[in-house]
Amino acid sequence: MGGVEQPCYTLINFPTDTEPYSEQQLKVDLEKGDIKKKIEALKKTIGIILSGEKIPGLLMIIIRFVLPLQDHTIKKLLLIFWEIVPKTTPDGKLLQEMILVCDAYRKDLQHPNEFLRGSTLRFLCKLKEPELLEPLMPAIRACLEHRHSYVRRNAVLAIFTIYRNFEFLIPDAPEVIGSFLESEQDMSCKRNAFLMLLHADQETALAYLAQRLDQVHGFGDILQLVIVELIYKVCHANPSERSRFIRTVYGLLNAPSAAVRYEAAGTLVTLSAAPAAIKAAAACYIDLIVKESDNNVKLIVVEKLSALRDVSCEASSRALPDLAMDVLRVLASSDLDVRRHTLHLALELATPRHADELVGALRKEASRAQLADHEDAAKYRQLLVRAMHRAAIKFPEVACSVSPGLLELLGDGGEVAAQDVLMFTRHALHAFHDLKPVIYTKLLESLGSIRVGKIARAALWLVAEFADNEDNVKAAIDVIAAALPTQKDNEEDGDKDGAEAPPKEKEKEAPSRQLVTSDGAYVTQSAFNQPKAPVTESGPGLSAALVSGESFTAACACSALGKLALRAPGEQGARALALAGTLLAAHGRAVLTADDLEHGVRCVRAGAERPDVLSDALTSGSRKALGSLLTLPHRSAPALLPEGSAERPEASSRPTSVPIERGISFTALAPLAAAGNRDVFELALDRALQGRTKPSSEEGGRLSKVTQLTGFSDPVYAEAVVSVNQYDIVLDVFVVNQTDDTLQNCTVELATLGELRLVERPAGIVLGPRDYASIRAHVKVASTENGIIFGNIVYEVSGASMDRGVVVLNDIHIDIVDYIQPAACSDADFRTMWAEFEWENKVSVNTNITELNEYLEHLLASTNMKCLTPDKALSGQCGFMAANLYARSIFGEDALANLSIEIPMNKQNAPVVGHVRIRAKTQGMALSLGDKINMMQKTRPKKNKDPTPAA
């Protein structure tokens with residue numbers, strides 16, 4: 001078996017452009033150079049050893065000429081050198097030279113300088129050779145009585161590490177540290193001693209704590225944190241001890257340190273599920289959020305506060321609603337994400353008892369937000385509008401106080417929140433019949449000042465749809481008529497234009513241009529069918545939107561007037577049709593596009609001729625469609641958190657399908673180390689070390705990541721397991737010597753293409769005949785794109801005169817799918833990113849798949865992207881499909897894709913045709929994702945077969 005990988009404690013970055021070293025020159029500099037040269041030579045030696053090479057000839061030179069020096073820089077470098085240098089022979093015996101080094105350690109432990117003593121003690125924590133540590137134990141014990149606290153606390157850590165690794169060297173360590181803790185006054189030393197007793201002898205730590213429970217509040221924060229951890233561990237293992245320590249934990253909720261209060265609140269919830277405990281912990285979290293300045297800390301604590309709702313449903317439902325208004329104090333933060341999570345949490349906690357107070361606080365916050373001018377002020381106002389919308393839906397009794405304040409935020413339609421205001425107005429007009437007259441009147445008052453075409457179109461539809469009586473119809477027609485120019489104004493404008501036309505040159509006709517629709521598809525607009533650029537008018541808001549705004553806005557106004565004519569036959573109906581004709585005449589063919597002109601004319605004809613089908617569709621069919629739309633959960637109220645965020649799971653009444661071969665987990669029979677009973681401190685540490693979690697389908701398939709690097713007939717067979725972590729790639733290379741010779745200096749030499757960088761050079765090994773070994777290499781990932789790792793295996797045959805043998809390795813292709821994860825975003829954000837991203841890659845569909853949905857599912861499974869288009873929009877068989885896809889990389893880069901595919905109608909069982917357009921911020925990501933799609937199209941999707949039932 002090959003050599004075992006050495007433990008690593010220190011990572012040092014060395015520049016890649018350093019000059020090549022000469023072993024002879026290093027010997028000269030270390031032996032005869034001055035202090036500066038010796039420092040540089042020692043640094044180069046450390047770098048060489050870290051890269052995997054061995055220089056045994058330098059060990060004795062460093063012991064003779066560098067070790068006796070008293071320079072502090074050299075002393076620090078020597079500690080790193082002794083940590084990484086091999087200290088044993090190949091058969092595991094300690095090198096003879098290390099006896100001299102051990103004597104140097106002993107002298108440093110007795111050095112009068114406290115820094116050297118403390119640094120040496122910290123270094124001894126990293127030694128794994130008991131032969132080196134045994135002679136030093138008396139000196140380490142003596143350091144516990146040193147006058148300086150830096151030496152004493154490092155001596156405690158050294159004893160703790162040695163006791164944990166080699167208990168036979170100091171079997172009485174708990175008693176020694178217990179006596180030390182009783183007499184020690186320095187808080188950092190007491191913390192280290194208590195930490196050791198926590199892990200080595202909990203009984204002694206508990207006895208010490210029990211005698212000083214009343215003094216815990218006067219301890220330092222570092223010691224209080226360890227005490228909280230001890231209380232949790234003891235109560236977790238022995239629940240009967242909870243009553244003994246719960247008062248102490250309650251007291252630590254008022255500690256001066258924010259870290260102590262945070263840990264104490266988390267521990268209190270695990271010790272007790274009583275409403276009083278949950279309420280106290282929640283109040284502590286809220287106070288932390290308000291007083292803490294770091295936004296990242298605020299987000300962490302807000303998530304912790306949200307998790308309190310799931311600790312004990314009955315207790316939290318009784319304790320947390322009273323704190324709903326206190327949660328709104330967090331809105332004083334300037335970070336938008338903190339405010340978003342805070343509003344979501346407050347709405348989740350609020351009950352009908354707090355509804356009026358909650359809405360009042362939100363209205364006051366909205367009034368203050370209107371005066372704010374910071375960067376995210378408009379988005380914050382949009383969040384407040386959505387929060388009030390959700391509050392009105394959750395508590396209908398407060399809708400009367402929400403609607404006036406929201407419609408005041410409509411303004412001229414230029415606000416980001418204007419669209420959300422109209423969404424609330426639509427829901428309120430449909431659901432709250434008692435408030436409909438007031439809301440409709442307020443909407444008519446705001447309609448005249450709207451200048452933005454998109455907002456004006458939505459408002460016109462609402463005005464026409466909910467004009468249920470003649471008074472509302474007349475009021476709506478009056479508002480629209482006030483915004484339209486009269487025939488006299490049109491004639492005066494025409495005369496004025498005719499008088500001024502001769503001096504002006506004829507305007508150049510604009511070329512055709514490409515537009516992007518809401519689903520990401522391109523539409524080409526002809527120059528003959530293109531409206532003129534909008535001209536800024538100084539008139540009223542709606543007049544500017546109808547007369548000089550977008551062409552589609554005028555068509556929507558004609559549609560609204562046609563619907564009003566259907567709702568009020570007679571004089572008002574004729575007036576509405578006349579206004580529609582006036583609007584069409586004012587624009588004419590020169591301004592309106594062909595589609596908009598046709599739409600406007602059809603609406604006028606529908607209002608005049610009143611066919612039964614169109615009348616039913618416009619008067620009652622649209623209301624039924626709106627009711628069906630608002631019954632959908634994601635359409636009834638806007639979401640405060642982004643799509644894909646962790647929402648509170650709702651209980652589902654549908655049975656969950658479970659594979660028949662899945663094992664049954666019995667909680668009563670599970671060991672203490674089971675996930676449900678594991679220590680939260682250990683779980684947090686495991687998650688931090690684990691990094692990015694992978695889907696369950698990938699965790700069980702380690703063998704699926706095996707890549708064969710050489711052939712079976714090569715002298716050295718090699719294969720690698722490729723593991724992609726958060727920011728690096730780990731290659732576990734399995735090497736087998738297939739010859740009857742001993743291979744010396746067998747080295748795997750690797751190189752990379754793309755944004756990959758080899759972190760360290762794998763060390764050479766010796767392979768006996770038919771022997772095997774594992775070699776690990778780390779590759780750093782710099783960006784989200786495909787990469788290639790290539791190289792060869794170099795070896796020397798023992799006793800042969802031939803040159804070094806070389807086996808070329810197969811290339812390892814690093815897939816972009818390993819870096820990207822499915823994500824979600826809103827339609828507005830998708831369109832914004834689509835317009836901003838400059839790199840596009842258009843991939844033509846070339847596949848044998850004949851079903852549209854099958855191709856989409858195959859694309860999603862192969863690229864790790866998420867389909868943003870709802871399933872309902874993709875249902876049906878129309879022979880065409882358009883869908884938006886989105887994913888985000890582990891580096892925070894966004895990847896967008898638009899799928900446009902169809903099935904040729906004139907061919908039987910014809911394959912899907914079309915294209916996939918990819919947009920990304922970087923060229924590499926767009927090209928790599930396109931290559932992945934091209935490779936995906938060459939393979940058929942794997943269909944999951946139904947498992948065979950067990951007999």
Side-chain angles (χ1 to χ4, degrees), residues 286 289-290 302 321-374 376-432 434-447 449-450 455 459 462 636-641:
I286 294 172
I289 301 170
V290 173
V302 167
D322 294 335
L323 298 174
M325 299 308 301
D326 291 337
V327 171
L328 293 180
R329 293 165 51 201
V330 185
L331 294 178
S333 171
S334 60
D335 185 71
L336 190 64
D337 287 334
V338 175
R339 287 171 164 175
R340 179 183 289 112
H341 285 80
T342 301
L343 288 172
H344 176 76
L345 178 61
L347 288 173
E348 290 291 325
L349 296 180
T351 60
R353 184 159 50 94
H354 309 93
D356 290 329
E357 190 178 0
L358 175 67
V359 171
L362 292 178
R363 290 188 61 182
K364 290 180 181 178
E365 190 67 22
S367 301
R368 281 197 295 266
Q370 279 187 300
L371 304 176
D373 56 353
H374 53 83
D376 293 328
K379 293 182 179 179
Y380 180 46
R381 288 192 289 269
Q382 183 183 27
L383 277 179
L384 290 172
V385 170
R386 292 184 176 184
M388 286 189 277
H389 186 173
R390 294 180 69 91
I393 294 174
K394 187 175 181 180
F395 311 110
E397 62 271 15
V398 300
C400 58
S401 59
V402 171
S403 52
L406 285 185
L407 286 171
E408 290 175 1
L409 296 175
L410 193 59
D412 62 353
E415 275 281 335
V416 178
Q419 186 71 23
D420 294 279
V421 172
L422 288 181
M423 288 180 64
F424 165 76
T425 306
R426 180 186 68 182
H427 193 282
L429 289 173
H430 179 78
F432 307 131
D434 298 339
L435 302 176
K436 184 185 294 185
V438 178
I439 298 176
Y440 191 84
T441 303
K442 189 69 176 178
L443 177 62
L444 287 177
E445 293 175 1
S446 305
L447 180 62
S449 59
I450 299 176
I455 306 301
L462 290 175
S636 60
L640 293 177
L641 298 180

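Note: hydrogens, waters and symmetry copies are ignored here, and every other heavy atom, side chains too, is used.
- Rounded to the nearest 0.5 Å, atoms CG (Asp356) and SG (Cys400) are 8.0 Å apart.
- Rounded to the nearest 0.5 Å, atoms NE2 (His430) and NZ (Lys436) are 9.0 Å apart.
- Residues satisfying the side-chain contact (heavy atoms from CB on, under 4.5 Å) test with Ser446, not counting sequence neighbours, are Leu410.
- Under the salt bridge (charged side-chain N to carboxylate O under 4.0 Å, His left out) criterion, Arg339 pairs with no residue, sequence neighbours left out.
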Next item on the list: Check the pair Leu422, Leu443 against side chain to side chain contact (heavy atoms under 4.5 Å, CB included), reporting the backbone distance first and the verdict last.
Entry: CA-CA 9 Å; Leu422 288 181; Leu443 177 62; 4.3 Å; yes
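- Put simply, CG on Leu343 and CD on Glu365 are 8.0 Å apart, with the number rounded to the nearest 0.5 Å.
- Residues passing the side-chain contact (heavy atoms from CB on, under 4.5 Å) test with Ala428, sequence neighbours excluded: Phe424, Phe432, Ile439.
- When the ring-ring contact (aromatic ring centres under 6.0 Å, His included) test is applied to Tyr380, no partner is found at least two apart in sequence or on another chain.
- At a threshold of 4.5 Å between non-hydrogen side-chain atoms, the residues Asp420 and His389 do not count as touching.
- When all heavy atoms of Pro437 and Thr441 are compared, the closest pair comes out as O-OG1, 2.8 Å.
- Looking only at distances, a side-chain donor or acceptor of Lys394 sits under 3.5 Å from a matching main-chain atom of Leu347.
- Side-chain contact between Leu435 and Leu429 is absent, with no heavy-atom pair separated by less than 4.5 Å.
- Rounding to the nearest 0.5 Å places CG of Leu336 at 10.5 Å from NE2 of His341.
- In this structure, OG1 on Thr351 lies 9.5 Å from CG on Leu358, to the nearest 0.5 angstrom.
- Separating the CG atom in Leu447 from the CG atom in Leu462 is a distance of 10.0 Å, to the nearest 0.5 Å.
- Shown here for Ala361 and Met325, the closest heavy-atom pair between the two residues is CB-CE, 3.8 Å.
- Listed by chain and number, the residues in a salt bridge (charged side-chain N to carboxylate O under 4.0 Å, His left out) with Lys364 amount to none (sequence neighbours excluded).
- Shortest non-hydrogen contact noted between Met388 and Ala366 is CE-CB, 4.1 Å.
- Asp326 and Ile286 make their closest contact through O-CG2, 3.5 Å (heavy atoms, listed as atom of the first residue, atom of the second, distance).
- Every residue two or more places apart in sequence or in another chain that forms a side-chain contact (heavy atoms from CB on, under 4.5 Å) with Ala431 is listed here: His427.
- Summarising the geometry of Ala391 relative to Val398, their closest heavy-atom pair is O-CG2, 4.0 Å, with the distance given to 0.1 Å.
- Across all non-hydrogen atoms, the minimal contact from Arg381 to Ala369 is NH1-O, 2.6 Å.
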